[in-house]
Amino acid sequence: MIKLEHISKTFTQKKIRVEALKDINLEINDGEIFGIIGFSGAGKSTLVRCINLLERPTEGRVIIGDTELTSLEDRKLRKIRQRIGMIFQHFNLMPSRTVFENIDLPLKRTGMEKKDRIRKIESLLEMVDLSDRRDAYPSQLSGGQKQRVAIARALACDPEVLLCDEATSALDPQTTEQIITLLKELNKKLKLTIVVITHQMSVVKDLCDRAAVMENGSLVECGCVYDLFADPKAPLTKRFLDTASNIKSFMDILHQKGSLADINDGTNIWSLTYTGESTGEDLMTQICEIYKVRVNILYANIDYIKGAPLGRLAVHISGEFSKIEDAVAYIRDKGVKVEILK
Ligand SMILES: Nc1ncnc2c1ncn2[C@@H]1O[C@H](COP(=O)(O)OP(=O)(O)OP(=O)(O)O)[C@@H](O)[C@H]1O
């Protein structure tokens with residue numbers, strides 16, 4: 001388990017103090033894929049760099065397994081860092097070295113014999129499906145292939161933890177999907193704990209088990225990814241998820257005069273969030289039949305979060321007021337989260 005206890009980090013540059021992290025407490029379980037999300041400048045990279053002490057926290061303790069990293073002297077810390085691999089947005093490969101040589105770099109430092117290193121590199125290349133590119137230089141590879149090399153290099157010393165700092169941000173959606181699939185495979189096969197910083201919601205939805213949301217150096221919310229999407233508690237989480245989905249465009253027109261959502265008959269526009277079994281029900285048809293109300297669907301979306309459906313509707317319900325109330329109660333009873341949008 002990775003344990004961050006009361007982590008704070010303050011940078012001082014030209015007498016200006018930036019509190020990048022403020023009293024962060026977080027536990028990441030072994031074998032888990034954990035996401036860290038938040039707007040730019042929230043402190044995500046600093047937090048992840050504190051896990052392997054690339055950045056030393058100003059205060060607090062970093063514990064991995066039963067070792068407190070923050071109390072180790074440099075030599076021991078270098079050794080234990082081998083248990084933590086890291087990959088980056090821009091891959092950080094050595095341009096003058098081949099794929100094979102790039103992966104060999106961390107292995108050489110361990111003092112491993114050449115024949116063992118060759119065997120190890122060959123198995124890593126196979127794992128990331130790049131056996132045929134072992135003698136290529138980074139400039140001869142696509143972005144996705146470069147990230148595969150970086151992953152192989154990060155895994156060379158058999159780490160327990162892989163830190164990914166915006167590892168798919170420079171890749172197109174299809175290549176991102178391939179890297180997500182590879183990371184999932186590695187997580188399963190090697191029981192690797194993976195910590196992912198990302199602003200790509202597809203990465204959070206498809207890859208992560210749990211995620212933490214950061215704002216101004218603090219953790220504002222942490223939980224299972226499905227719950228974060230289905231029922232965000234903190235206003236920032238809500239805002240962040242809305243920004244990343246196309247409901248944002250709908251919300252933008254909600255208060256515009258003359259738009260579909262410009263309704264002034266005293267009735268409401270409702271947001272309905274369907275989770276679990278409720279996603280399969282034809283509830284709108286049911287309330288029309290039972291309560292004789294009319295439903296106008298203004299927005300509809302269905303997301304799949306690690307394969308589980310999550311539906312969102314924005315609807316205008318018209319009819320007798322008391323019937324509308326009964327219809328809304330009926331939908332709520334079926335496990336749908338109902339909120340007034342307007
Ligand atoms: N080495 C540094 N020196 C001074 N300030 C820094 C340093 N590194 C980060 N900061 C500041 O700390 C804050 C958090 O930065 P950080 O890079 O961790 O945010 P982030 O959430 O990862 O942002 P982004 O998504 O844009 O990468 C920012 O205000 C940043 O300017």
Side-chain angles (χ1 to χ4, degrees), residues 2-26 28 33-62 64 69-70 74 77 81 84-92 143 146-147 150 154 161-173 176 179-180 183 193-208 210-223 225 228-229 232 234-245 248:
I2 301 171
K3 255 192 192 173
L4 304 179
E5 291 182 353
H6 301 290
I7 296 291
S8 296
K9 175 75 189 180
T10 305
F11 293 106
T12 310
Q13 252 187 353
K14 294 183 184 162
K15 294 192 183 153
I16 298 171
R17 274 166 55 90
V18 179
E19 282 187 79
L21 300 175
K22 300 168 193 165
D23 195 25
I24 302 273
N25 291 287
L26 185 62
I28 299 172
I33 307 185
F34 193 90
I36 297 178
I37 56 180
F39 290 112
S40 184
K44 306 179 295 292
S45 290
T46 309
L47 181 65
V48 165
R49 290 162 67 84
C50 279
I51 294 177
N52 58 0
L53 296 201
L54 270 183
E55 209 67 79
R56 257 198 188 270
T58 316
E59 275 173 56
R61 306 198 314 154
V62 177
I64 297 193
L69 271 60
T70 22
D74 282 356
L77 182 60
R81 273 211 187 109
I84 313 167
M86 189 159 187
I87 56 173
F88 305 87
Q89 179 174 1
H90 297 297
F91 325 118
N92 295 13
K146 284 182 203 167
Q147 197 57 288
V161 178
L162 179 66
L163 307 177
C164 310
D165 191 347
E166 297 281 8
T168 51
S169 297
L171 306 176
D172 63 58
T176 295
I179 296 292
I180 287 177
L183 291 173
T193 306
I194 302 182
V195 183
V196 175
I197 300 178
T198 184
H199 66 265
Q200 292 167 293
M201 282 304 111
S202 63
V203 175
V204 185
K205 281 192 280 201
D206 296 343
L207 181 63
C208 300
R210 287 195 306 144
V213 186
M214 291 191 71
E215 181 182 33
N216 290 331
S218 300
L219 277 193
V220 294
E221 192 163 353
C222 178
V225 167
L228 280 184
F229 276 81
L236 175 95
T237 313
K238 234 183 172 110
R239 223 169 56 236
F240 189 79
L241 300 180
D242 284 350
T243 311
S245 79
K248 172 78 172 55

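The structure presented is a predicted model; accordingly, all values stated were derived computationally and were not measured. Both ligands and their constituent atoms are indexed starting at 1 by order of listing.
Judged as a side chain to side chain donor-acceptor pair (under 3.5 Å), and not counting sequence neighbours, Thr193 has no contacts. With sequence neighbours excluded, the residues forming a salt bridge (charged side-chain N to carboxylate O under 4.0 Å, His left out) with Glu5 are Arg61, listed by chain and number.
One side chain, Asp165 or Ser45, offers a donor N or O that lies under 3.5 Å from an acceptor on the other. If you check the side chains of Glu166 and His199, you find a donor sitting under 3.5 Å from an acceptor. Side-chain atoms of Glu19 and Thr10 form no donor-acceptor pair, as typed in the model, at a separation below 3.5 Å.
In terms of protein heavy-atom proximity, atom 17 (O) of ligand 1 is closest to Ser45 CB, 3.8 Å. Nearest protein heavy-atom contact of atom 9 (C) of ligand 1 is Phe11 CE1, 3.4 Å. Nearest protein neighbour of atom 18 (O) of ligand 1, counting heavy atoms only, is Thr46 OG1, 2.5 Å. The nearest protein atom to atom 19 (O) of ligand 1, hydrogens excluded, is given as Gly43 N, 3.2 Å; this is a heavy-atom distance.
Closer than 4.0 Å to atom 1 (N) of ligand 1 lies at least one heavy atom of the protein. There is a protein heavy atom less than 4.0 angstrom from atom 7 (C) of ligand 1.
Using a distance-only test at 3.5 Å, with no hydrogens or angles considered, a donor-acceptor pair links the side chain of Gln147 to the main chain of Phe88.
Distances from ligand 1 to the non-hydrogen atoms of Gly41 include at least one value under 4.0 Å.
Remark: ligand 1 and Ser40 share an N or O pair separated by less than 3.5 Å (distance only, no angle test). Here's the thing with Ala42: one of its N/O atoms is less than 3.5 angstrom from an N/O atom of ligand 1. Between Lys44 and ligand 1, a contact under 3.5 Å exists for at least one N or O pair.
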Intermediate values then yes/no, side-chain contact (heavy atoms from CB on, under 4.5 Å), Met214 and Ile24
CA-CA 10 Å; Met214 291 191 71; Ile24 302 273; 3.9 Å; yes
Does the pair Val196 and Leu163 meet the rule for a side-chain contact (heavy atoms from CB on, under 4.5 Å), with working shown?
CA-CA 6 Å; Val196 175; Leu163 307 177; over 6 Å; no
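Under a 4.0 Å criterion applied to the non-hydrogen atoms of Ala20, ligand 1 contributes the atoms 12 (O), 13 (C). Near Val18, meaning under 4.0 Å from any of its heavy atoms, are these atoms of ligand 1: 11 (C), 12 (O), 29 (O).
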